[in-house]
Amino acid sequence: MKNVYLFGECMVELSRTSDGLLKQSYAGDVYNTAVYLKRAFNDFNVNFFTAVGEDPLSDEMVAAFEKENVNTDMVQRVRGKAPGLYMISVDNSGERSFSYWRNDSAARQIMQFVSAENVGYLCMGDLFFFSGISLAVITPNERDIFWQLLRKLKDSGVRIAFDPNYRARMWADKTEAKIQFERAFRMSDLVMPGIEELEQLYGFTEFSKIQDFCSAFGIEELVVKNGPESVCCIRDGELSEIDITPVETVVDTTSAGDSFNGVYLGARMSGIGVAESVQLAAAAAGEVIQHRGAIIPSQAFADKMGP
Ligand code: ADP
């Protein structure tokens with residue numbers, strides 16, 4: 001059985017329903033990836049390495065993880081802290097914006113749980129996935145602990161996958177983000193950015209520029225997502241562009257990249273080739289964006305992806 005560890009933060013999500021009430025659910029980029037990976041590849045052991053509080057809301061959150069069959073053995077409990085929260089607002093023109101209350105969340109305490117025992121478990125994984133948001137959540141003075149952990153994982157033969165998921169407001173400035181991301185690029189086997197963030201951080205607008213970037217950091221496999229446009233993959237220096245089918249009625253693009261990542265990772269770990277993995281991942285993301293919210297009803301996902 002494949003054993004995957006995903007490292008990040010899950011938050012309480014509040015969004016307004018059409019009748020003006022607030023709907024509460026649970027989401028966060030890496031958690032979303034874990035959910036879709038598990039839904040699409042049920043025989044994988046998908047573990048979420050995070051911290052929550054000891055409060056009832058944290059209990060409900062962990063129950064939601066369990067309902068998704070995400071393994072909670074590596075979910076840590078922090079006394080006196082609660083989960084982070086975000087709220088989605090939609091203005092008159094339909095534009096979405098996000099407000100966050102996460103600066104003092106339980107998940108920010110995660111580095112104190114990088115014990116020898118937990119590192120031992122993580123080293124037994126086949127894959128470790130994290131994002132730029134996972135990195136931003138760690139307090140800056142604890143980042144060295146994270147990089148030491150990643151080094152140990154790599155030395156133990158765990159494959160490392162990273163999505164930069166650049167969120168400007170989580171970083172002091174672009175330079176700080178780039179320094180952290182470039183450490184991640186150097187240590188990752190598989191990097192899965194969106195074209196937009198590569199443009200924001202590096203000014204890339206074309207895939208050809210990305211090839212040089214890939215070799216500079218020694219990235220074995222790079223998958224660049226670009227909304228409805230073709231997905232660019234560079235593996236061992238070879239560039240391929242894989243067309244996907246654009247979705248006509250997009251309802252909510254939240255979690256498009258996260259669901260893509262989950263299914264792509266599962267497919268690649270199952271030995272499926274790059275092009276077919278992109279097709280599976282794009283089919284999943286294409287379904288996710290036709291529903292509201294980060295985590296869509298499991299039946300709709302299952303209907304799309306098959307048994
Ligand atoms: P992110 O959520 O990281 O911004 P993208 O918007 O690039 O990511 O989307 C990730 C993936 O979701 C794309 O590679 C594609 O497979 C799928 N996707 C996004 N928008 C569309 C769309 N309009 N039609 C079809 N697929 C889409």
Side-chain angles (χ1 to χ4, degrees), residues 6 8 11 13 15 27-37 39-40 86 88 94-98 129-136 161-170 177 181 184-185 188 190-202 204-207 210 221-235 239-268 272-296 300-301 304-305:
L6 299 100
M11 287 169 288
E13 180 193 83
S15 57
D29 68 331
V30 173
Y31 172 66
N32 306 339
T33 296
V35 166
Y36 290 111
L37 170 54
R39 284 189 184 181
Y86 75 102
I88 307 170
E95 195 61 40
R96 291 153 54 87
S97 62
F98 298 85
F129 173 77
F130 68 110
S131 76
I133 297 179
S134 321
L135 287 174
F162 173 67
D163 180 344
N165 253 341
Y166 175 58
R167 299 286 184 274
R169 73 170 101 176
M170 296 186 83
F181 290 179
F185 296 152
S188 299
L190 175 53
V191 178
M192 316 176 78
I195 190 91
E196 230 171 80
E197 54 195 339
L198 291 180
E199 187 178 350
Q200 276 176 296
L201 292 171
Y202 296 98
F204 298 152
T205 48
E206 307 149 34
F207 290 157
I210 300 169
E221 188 166 322
L222 182 89
V223 179
V224 186
K225 296 158 283 180
N226 188 13
E229 306 296 326
S230 49
V231 173
C232 166
C233 295
I234 301 173
R235 195 181 147 72
L239 186 145
S240 55
E241 270 188 57
I242 298 144
D243 289 336
I244 61 165
T245 314
V247 164
E248 277 173 23
T249 32
V250 176
V251 174
D252 177 359
T253 57
T254 306
S255 202
D258 306 334
S259 54
F260 183 101
N261 290 348
V263 174
Y264 186 83
L265 290 170
R268 295 292 289 131
I272 299 173
V274 168
E276 198 186 328
S277 298
V278 167
Q279 295 301 349
L280 284 171
E287 182 62 32
V288 167
I289 62 178
Q290 294 179 62
H291 301 263
R292 283 173 87 114
I295 307 292
I296 70 166
F301 188 79
K304 179 73 188 179
M305 303 306 287

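Order of listing sets the numbers, starting from 1, for every ligand and every atom in it.
The main-chain N or O of Ala256 is found under 3.5 Å from a side-chain atom of Ser259 such that the two form a donor-acceptor pair. Listed for the Gln279 side chain is a donor-acceptor partner under 3.5 Å among the backbone atoms of Asp243. With hydrogens and angles ignored, the 3.5 Å screen pairs a side-chain donor or acceptor of Gln290 with a backbone N or O of Gly286.
In terms of protein heavy-atom proximity, atom 21 (C) of ligand 1 is closest to Ile289 CD1, 3.4 Å. Protein heavy atom at the shortest distance from atom 26 (N) of ligand 1 is Ile244 CD1, 3.8 Å. Of the protein's non-hydrogen atoms, the one nearest atom 25 (C) of ligand 1 is Val247 N, 3.3 Å. If you check which protein heavy atom lies closest to atom 17 (C) of ligand 1, you get Ala285 CB, 3.6 Å.
A salt bridge does not link Lys225 to Glu196: none of the charged nitrogens lies less than 4.0 Å from a carboxylate oxygen.
The closest approach between a heavy atom of Gly257 and any atom of ligand 1 is below 4.0 Å. At least one heavy atom of Thr245 lies less than 4.0 angstrom from ligand 1.
There is a protein heavy atom closer than 4.0 angstrom to atom 9 (O) of ligand 1.
Exactly one residue among Ile296, Ile295, Val35 makes a side-chain contact (heavy atoms from CB on, under 4.5 Å) with Phe301. That residue is Ile296.
Residue contact check: Pro246 has heavy atoms under 4.0 Å from atoms 24 (N), 25 (C) of ligand 1. Annotation for ligand 1: atoms under 4.0 Å from non-hydrogen atoms of Ala282 are 16 (O). Near Val250, the atoms of ligand 1 lying under 4.0 angstrom from a non-hydrogen atom of the residue are 23 (N). Atoms of ligand 1 lying under 4.0 Å from at least one heavy atom of Asn226, given by number and element, are 7 (O).
Between Phe129 and Phe162, the ring centre distance reaches or exceeds 6.0 Å.
Applying the 6.0 Å contact sphere to CZ of Arg292 captures no more than 12 heavy atoms from other residues, nucleotides or ligands.
Side-chain contact between Ile272 and Leu280: present, with at least one pair of heavy atoms (C-beta onward) separated by less than 4.5 Å.
Across Gly227, Ala256, Ser255, Gly286, heavy-atom proximity to atom 15 (C) of ligand 1 is greatest for Gly227.
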